[in-house]
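This report concerns only the one structure given below.
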Protein chains: 2
Amino acid sequence: MLTIGKLSQASGVKVPTIRYYEEIGLLPEAERSAGNQRLYGRKAQERLTFIRHARELGFPLDAIRDLLSLSDRPDQSCAAADAIASAQLAAVEARIARLTALKAELERMLIQCAGGVIADCRVIEVLGDHAKCCADHAPSGHLIEVAG
Amino acid sequence: MLTIGKLSQASGVKVPTIRYYEEIGLLPEAERSAGNQRLYGRKAQERLTFIRHARELGFPLDAIRDLLSLSDRPDQSCAAADAIASAQLAAVEARIARLTALKAELERMLIQCAGGVIADCRVIEVLGDHAKCCADHAPSGHLIEVAG
DNA sequence: TCTTGCTCCTCTAGTTGCTAGAGAGATTAA
DNA sequence: TTAATCTCTCTAGCAACTAGAGGAGCAAGA
């Protein structure tokens, strides 16, 4: 049986994050020691590893919840898991496409910025005037990809 | 003079978002009508357009704040704006690289999932067992890119 | 003039996926 | 025993908004 700190080391998931996962029901409530400290066995460790890998692959927690409930019923068809992974793949591809367009536009801005003065700065100018940028940005609700 | 709704239409930024920008000081406090409604002139509209473009290019609000304060002093060197844009470009490139790796791994998972039963499902298996996936994921604090 | 229907106001709270900190108790090594 | 290092619960905070309540402003038609 591991305490939460050991589990954290073993899994690469931080202690508060483990507690958070328990709180939102991704992990079952842990057993407790006599002194009320959480204790984890091998099953919990595997489940946490599963969650970490899925997070690393960009799956949102809701999708992971679904995948976990699927993996609890190993006799069922793989189709649902496949669908979740496919959706994630499509999302990743869309983000790559979007970011690639952003990259091109940033590069264009920067190349034209010849190191002068703000008044002539392409960066400022392009941001201030839509006519000076090339890509068409659909006016979407959620605009962006922000650095993490 | 535009009311907030017209400004929203003109700029493509939602009404509550405009108020939010004012609250956090990205936009100056708007003039008010006799009935306490916000009124905007051309300057505010330009500033908001600037913000929207920058957001679309993925600049975080803090960087936009810096860019705006730069653009208020047009005699200064362009170097600071250039640095901000370069940092953003680097961030975008890093995210593309990361996402491209994720994409490859997701594709590998999916190709091997032959439409069987959960027990044999590659998706579940790979997520549950790190030995079955190829890329080395450094155990980083902030793990992921999550779909927006 | 009144009413209808839209906009606008402020305020609070929720989203996602955590992270940070306070103040107190548990456990372990010297 | 005592000190150091966990661990506990709780609250609050991060980005960048979004949603909703409850009330007021305003333009146009009957």
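Letters A, B, ... are given to chains in the order of the sequence lines, protein chains preceding strands, and every chain is numbered from 1. Just so you know, these numbers come straight off a predicted model, no measurement behind them. Values reported hereafter were calculated over all heavy atoms of this structure, with side chains retained and with hydrogens, waters and symmetry mates removed.
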Inset, instruction - Report yes if at least one side-chain N or O of B/Arg55 is closer than 4.0 Å to OP1 or OP2 of D/dC17; otherwise report no. - result: yes

Inset, instruction - Send over the distance from A/Leu2 CG to D/dT7 P, rounded to a whole Å. - result: 11 Å

Legend entry - N-O pairing of B/Glu107 and B/Lys103 below 4.0 Å: yes

Legend entry - Sugar-phosphate or base contact per nucleotide [nucleotides 20-27 of chain D; S, B, -; heavy atom under 4.0 Å]: -----SS-

Inset, instruction - Verify the contact: side-chain N or O of A/Thr17 to OP1 or OP2 of C/dT19, cut-off strictly under 4.0 Å; return yes or no. - result: yes

Legend entry - Any residue meeting side-chain hydrogen bond (donor to acceptor under 3.5 Å, both in side chains) with A/Glu22, in chain and number order, not counting sequence neighbours: A/Arg38

Inset, instruction - Please state whether the phosphate of C/dT16, meaning OP1 or OP2, lies under 4.0 angstrom from any side-chain nitrogen or oxygen of A/Tyr20. - result: no

Inset, instruction - For the residue pair B/Leu7 and B/Gln45, establish whether any side-chain heavy-atom pair is separated by less than 4.5 Å. - result: yes

Inset, instruction - Rounded off to whole Å, could you give me the CZ-to-P distance for the A/Phe59 and C/dT16 pair? - result: 18 Å

Legend entry - Nearest-angstrom distance from the residue atom CD of A/Gln9 to C1' of D/dC6: 11 Å

Inset, instruction - Mind grabbing the angle between the end helix axes of the helix from C/dT1-D/dA30 to C/dA30-D/dT1? Five pairs an end, 10° rounding. - result: 20°

Inset, instruction - Check whether more than 12 heavy atoms from other residues, nucleotides or ligands sit under 6.0 Å from atom CZ of B/Arg42, and answer yes or no. - result: no

Inset, instruction - Grab the OH-P distance between A/Tyr21 and C/dT19 for me, whole Å please. - result: 8 Å

Inset, instruction - Examine distances only and state if a side-chain atom of B/Ser86 and a backbone atom of B/Asp82 form a donor-acceptor pair shorter than 3.5 Å. - result: yes

Inset, instruction - Examine distances only and state if a side-chain atom of A/Arg47 and a backbone atom of A/Leu26 form a donor-acceptor pair shorter than 3.5 Å. - result: yes

Legend entry - Interatomic distance, A/Arg19 CZ vs D/dC6 P [rounded to whole Å]: 13 Å

Legend entry - Rounded interatomic separation in angstrom, taking CD from A/Glu22 and P from D/dC10: 12 Å

Inset, instruction - I would like to know whether B/Arg65 and B/Ile24 meet side chain to side chain contact (heavy atoms under 4.5 Å, CB included); could you show each step before the answer? - result: CA-CA 10 Å; B/Arg65 207 186 296 272; B/Ile24 64 171; 4.3 Å; yes

Legend entry - Phosphate OP1/OP2 of C/dT19 contacted by A/Lys14 side-chain N/O (<4.0 Å): yes

Legend entry - Spacing of A/Asp62 atom CG relative to C/dG14 atom C1', expressed in whole Å: 15 Å

Inset, instruction - Using a 4.5 Å cut-off on heavy atoms from C-beta on, say whether the side chain of B/Leu70 contacts that of B/Ile84. - result: yes

Legend entry - Salt bridge B/Arg19-B/Glu23, side-chain N to carboxylate O under 4.0 Å: no

Inset, instruction - Ignoring the backbone of B/Arg38, work out which of D/dT9, C/dT10, D/dC17 is nearest its side chain. - result: C/dT10

Legend entry - B/Ile4 or A/Leu61, whichever maps to the more 5' nucleotide of DNA chain C: B/Ile4

Inset, instruction - Rounded to the nearest angstrom, tell me the gap between atom CD in A/Glu23 and atom C1' in D/dA12. - result: 13 Å

